[in-house]
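Structure first, then comments.
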Amino acid sequence: MLVQTKETTPFQVQTAQQTPKHYGITSPISLALPKEADLVLARKLTETLRPFAVFEEELELQRRILVLGKLNTLVKVWIREVSEVKNIPASVIDNVGGKIFTFGSYRLGVHTKGADIDALCVVPRHVERSDFFSSFYEKLKEQEEVKDLRAVEEAFVPVIKLSFDGIEIDILFARLALQTIPENLDLRDDGLLKNLDIRCIRSLNGCRVTDEILHLVPNIENFRLTLRAIKMWAKRHNIYSNILGFLGGVSWAMLVARTCQLYPNAVASTLVHKFFLVFSKWEWPNPVLLKQPEDCNLNLPVWDPRVTPSDRYHLMPIITPAYPQQNSTYNVSASTRAIMVEEFKRGLAITDEILQNKADWSKLFEAPNFFQKYKHYIVLLASAQAEKQHLEWVGLVESKIRILVGNLEKNEFITLAHVNPQSFPGPKEGTDNTMWVIGIVFKKMEGSENLNVDLTFDIQTFTDTVYRQAISSKMFEQDMKITAMHVKRKQLQQLLPKMAIQRSKRKASVHLLLCKYAEQSFQNVEQNLSTPEAKCSGETDGRVAVDPAVMAICSYFLLQKCQNFYSLHPSQGSRLTFESSGTSATKFYRWWCQEQIW
């Protein structure tokens, strides 16, 4: 039977009773039960997350369950057919079993609308990996619901990718040393790993880690809502990408799980705040552990800096709870860790304001302005002529960008290198190309205003590594190219898509204006205004009608962003009146109308 990830409606906030069971490797920091204010904030958090499509509708959830049920049935039929071909006794075939397990965000119950499903096909010992990539692949091809079927047999973790009735699914394969696969099989059993192929152990790892996480948190519903919030925050702040040296989904899940262990009775609103509190002050590289590591005497490599010298150099270790324990964040560099820790601190400051009712949850999920954050950038462009070649080329280049970041970090004149996880279509026409942007912070040198830094070696070392990898894997074509260039902030608009730059400019304008008006007092202006009322003209007397849609947008924005500075209320239908409090709301609104920011 498939494990369903259906959860209670997001409005329902779990309030766990005092938890006698001990979770994690230390005692809890607090066993305090939630107050009514915490529950109210948790409901507000849910409502704030809704527009981001993090909650799937019931109908879509049922469709996923139906698709997985069909896939599970297909696996059982296929295994019976393979068993018959291999002359397995009829008594065994009747109970041979086989099963589809899920892992990742779907199994955790935090998948978003339209997200893919990570699945694992578990088979008995007489079914070979070659069967999976031949007869099962052919069986999938026969299904009318299956589209975009492709096998990646030579990958580090071999996989079949497909779209089943419009739902993207990645299927891994694991062959256990069992004659039959029972329905109640618990993949957390370490004994299942005995005598297994290393590729099968890797394939099992996702399910085993996911299941362990769910067993190691005090309250699954509170964990889920907190994780949804943290994942959305990380994506909005451009720090969600394992391949680029930030954290991936399982790492964020483990950090949230550890927070839940430390505050076992807290609801999501409190847990989000405690998440930032704990990890903004965490003394890296001390590892994050959900349970004490166990040695199963299977001689599999595990993360242990006492034994493995390379493990001592991991900067932000977050250790998976299932044997063989691994560090899920080995890609993290000095720059990416510094960026994440800084974001943790900002998150703590914002959630402090939220808990004090000085801000609301929307402030936490505001996307920062990456293209105005740094003075210097490196633009990396990967191009190829054919679409299929381009997809392969982009995948390889992206997987190696962290090498470029590492090279830049080693440069004595560079303090930080921040790659934006979002890629963009490149400016070149007539070819498929993809672009990434890396923000650079140069060291301030005493007595030198202008600093000339040669980045040729750092970039050349990176491009040589990518080309060598492409040639050795026999995927290289002559039209596959990588180019990198240093640009200043103003030059980005010539390279990036207009929409990306326009969004950045608008966010920057609003941010700078708010800072200006927050820091300065316009007491003289206020004294000269006979009526502190907003209008589109430059006059200071009388009222002017404002379009209701504009009024609604401005009202919402001002309420969310400027509540510490002034209050506002709609009056007389479409008319907008400000009550000033040390800052000129009138002046702000005139600017707003003139700029037509929206």
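All heavy atoms count here, side chains included; hydrogens, waters and symmetry mates do not. We're numbering straight along the sequence, starting at 1.
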- Item | More than 12 heavy atoms from other groups under 6.0 Å of CG on Asp186 | yes
Distance-only criterion, 3.5 Å: show the donor-acceptor pairs between side-chain atoms of residues 241-255 and protein atoms not counting sequence neighbours.
residue, atom, partner, partner atom, Å
Ser241, OG, Leu244, N, 3.3
Ser251, OG, Ser328, OG, 2.7
Trp252, NE1, Leu247, O, 3.0

- Does the Arg175 side chain pair with the main chain of Glu128, one donor and one acceptor, at a distance under 3.5 Å? no
- Message: Out of the candidates Phe52, Phe276, Phe365, only one should pair with Trp233 under the ring pair (Phe, Tyr, Trp, His ring centres under 6.0 Å) rule; please name it.
- Response: Phe276
- Answer yes or no: are there more than 12 heavy-atom neighbours, outside Lys410 itself, under 6.0 Å from its atom NZ? no
- Message: Quick one, Glu56 and Arg64 - any side-chain contact, counting heavy atoms below 4.5 Å?
- Response: yes
- Message: So, using side chain to side chain contact (heavy atoms under 4.5 Å, CB included) as the criterion, who are the partners of Arg150 when residues are at least two apart?
- Response: Asp148, Lys161, Glu168
- Message: Treating Arg224 as the side-chain partner and Leu108 as the backbone partner, does any N or O pair qualify as donor plus acceptor under 3.5 Å?
- Response: yes
- Would you find a donor on one side and an acceptor on the other, under 3.5 Å apart, between the side chain of Asn238 and the backbone of Gln422? no
- Query: Side chains of Pro28 and Leu262: does their closest heavy-atom pair fall under 4.5 Å?
  - Reply: no
- Item | side-chain contact (heavy atoms from CB on, under 4.5 Å) between Asp165 and Leu66, worked out | CA-CA 10 Å; Asp165 194 21; Leu66 181 62; 5.9 Å; no
- Quick one: closest heavy-atom pair of Ile319 and Pro287, and the distance? CG1-CB, 4.0 Å
- To the nearest 0.5 Å, atom CG of Leu149 lies from atom CD1 of Ile169 at 11.0 Å
- Query: Are the side chain of Tyr467 and the backbone of Ile482 linked by a donor-acceptor contact shorter than 3.5 Å?
  - Reply: yes
- Reported CD-to-CG distance for the pair Glu409 and Leu404, which is rounded to 0.5 angstrom: 10.0 Å
- Message: If we ignore hydrogens and angles and just use 3.5 Å, is the side chain of Asp311 paired with the main-chain N or O of Trp303 as donor and acceptor?
- Response: no
- Item | Pro124 to Ile181 - nearest heavy-atom pair and separation | N-CG1, 3.6 Å
- Over all heavy atoms of both residues, which pair between Phe133 and Pro158 is shortest? Give the atoms and the distance, please. CZ-CB, 3.6 Å
- Which is it for Thr336 and Arg402 under the side-chain contact (heavy atoms from CB on, under 4.5 Å) test, yes or no, and what are the steps along the way? CA-CA 10 Å; Thr336 54; Arg402 66 179 186 275; over 6 Å; no
- Exam field: side chain Glu343 to backbone Ala234, donor-acceptor pair closer than 3.5 Å: no
- Message: In the structure I gave you, are the side-chain heavy atoms of Cys260 and Leu271 within less than 4.5 Å of one another anywhere?
- Response: yes
Quick one: side chains of residues 82-94, donor-acceptor pairs under 3.5 Å with protein atoms, not counting sequence neighbours, listed by atom name and distance.
residue, atom, partner, partner atom, Å
Ser83, OG, Ile79, O, 2.7
Ser83, OG, His126, NE2, 2.7
Lys86, NZ, His126, O, 2.8
Lys86, NZ, Asp131, OD2, 2.7

- How long is the gap from CD1 on Ile171 to OH on Tyr137, to the nearest 0.5 Å? 11.5 Å
- Item | Under 3.5 Å donor-acceptor, Thr308 side chain and Pro305 backbone | no
- Query: Tell me, do Phe164 and Leu68 make a side-chain contact under 4.5 Å, heavy atoms counted?
  - Reply: no
Under 3.5 Å, side-chain donor or acceptor atoms of residues 199-211 against the rest of the protein: list the pairs with distances, not counting sequence neighbours.
residue, atom, partner, partner atom, Å
Arg199, NE, Asp197, OD2, 3.2
Arg202, NH1, Phe156, O, 3.2
Ser203, OG, Phe173, O, 3.1
Ser203, OG, Arg199, O, 3.0
Arg208, NE, Tyr323, O, 3.3
Arg208, NH1, Leu187, O, 2.8
Arg208, NH1, Arg188, O, 3.3
Arg208, NH1, Asp189, O, 3.4
Arg208, NH2, Asp190, OD1, 2.6
Arg208, NH2, Tyr323, O, 2.8
Thr210, OG1, Gly104, N, 3.3
Thr210, OG1, Gly206, O, 2.8
Asp211, OD1, Arg107, NE, 3.1
Asp211, OD1, Arg107, NH2, 3.4

- Determine yes or no for a side-chain-to-main-chain donor-acceptor pair under 3.5 angstrom, with Thr180 supplying the side chain and Gly97 the backbone. no
- Message: Which heavy atom of Gly426 sits nearest to which heavy atom of Asn433, and what is that distance?
- Response: CA-OD1, 2.6 Å
Per-pair distances, 0.1 Å, donor-acceptor, side chain in residues 391-401, under 3.5 Å, sequence neighbours excluded:
residue, atom, partner, partner atom, Å
Trp393, NE1, Ser383, O, 3.4
Trp393, NE1, Lys481, O, 3.0
Ser399, OG, Leu396, O, 2.6

- Query: Please walk me through it: do Arg258 and Thr26 pass side-chain hydrogen bond (donor to acceptor under 3.5 Å, both in side chains)?
  - Reply: CA-CA 10 Å; Arg258 185 66 186 124; Thr26 63; 2.6 Å; yes
- Give me the ring orientation class for His314 and Tyr330: parallel if the planes are under 30° apart, tilted from 30 to 60°, perpendicular past 60°. tilted
- Going through the checks in order, is the side-chain contact (heavy atoms from CB on, under 4.5 Å) test met by Phe103 and Leu172? CA-CA 11 Å; Phe103 61 100; Leu172 309 185; 3.7 Å; yes
- Message: Could you report the tightest heavy-atom contact between Ala334 and Leu315, atom names first, then the distance?
- Response: N-CD1, 3.2 Å
- Message: Check whether Arg129 reaches the backbone of Glu153 with its side chain - one donor and one acceptor, N or O, closer than 3.5 Å.
- Response: no
- Task: Of all the heavy-atom pairs spanning Tyr106 and Ile65, show the shortest one and how long it is.
- Result: OH-CG1, 3.7 Å
- Message: For a 4.5 angstrom cut-off between non-hydrogen side-chain atoms, does Tyr263 reach Phe275?
- Response: no
- Message: I'd like to check Val267 versus Leu225 (side-chain heavy atoms, cut-off strictly below 4.5 Å). Are they in contact?
- Response: no
- Task: Keeping the roles fixed (side chain from Arg228, backbone from Thr112), state whether a donor-acceptor pair exists under 3.5 Å.
- Result: no
- Item | Check against side-chain contact (heavy atoms from CB on, under 4.5 Å), Lys70 and Gln143 | CA-CA 10 Å; Lys70 289 180 180 179; Gln143 311 306 308; over 6 Å; no
- Note on the structure: Asp116 meets the side chain to side chain donor-acceptor pair (under 3.5 Å) criterion, sequence neighbours left out, with none
- For the residue pair Leu364 and Thr48, establish whether any side-chain heavy-atom pair is separated by less than 4.5 Å. no
- Query: So do the side chains of Ile230 and Thr259 get within less than 4.5 Å of each other, counting heavy atoms only?
  - Reply: no
- Task: Verify the neighbour count for atom CG of Leu59: are there more than 12 heavy atoms of other residues, nucleotides or ligands below 6.0 Å?
- Result: no
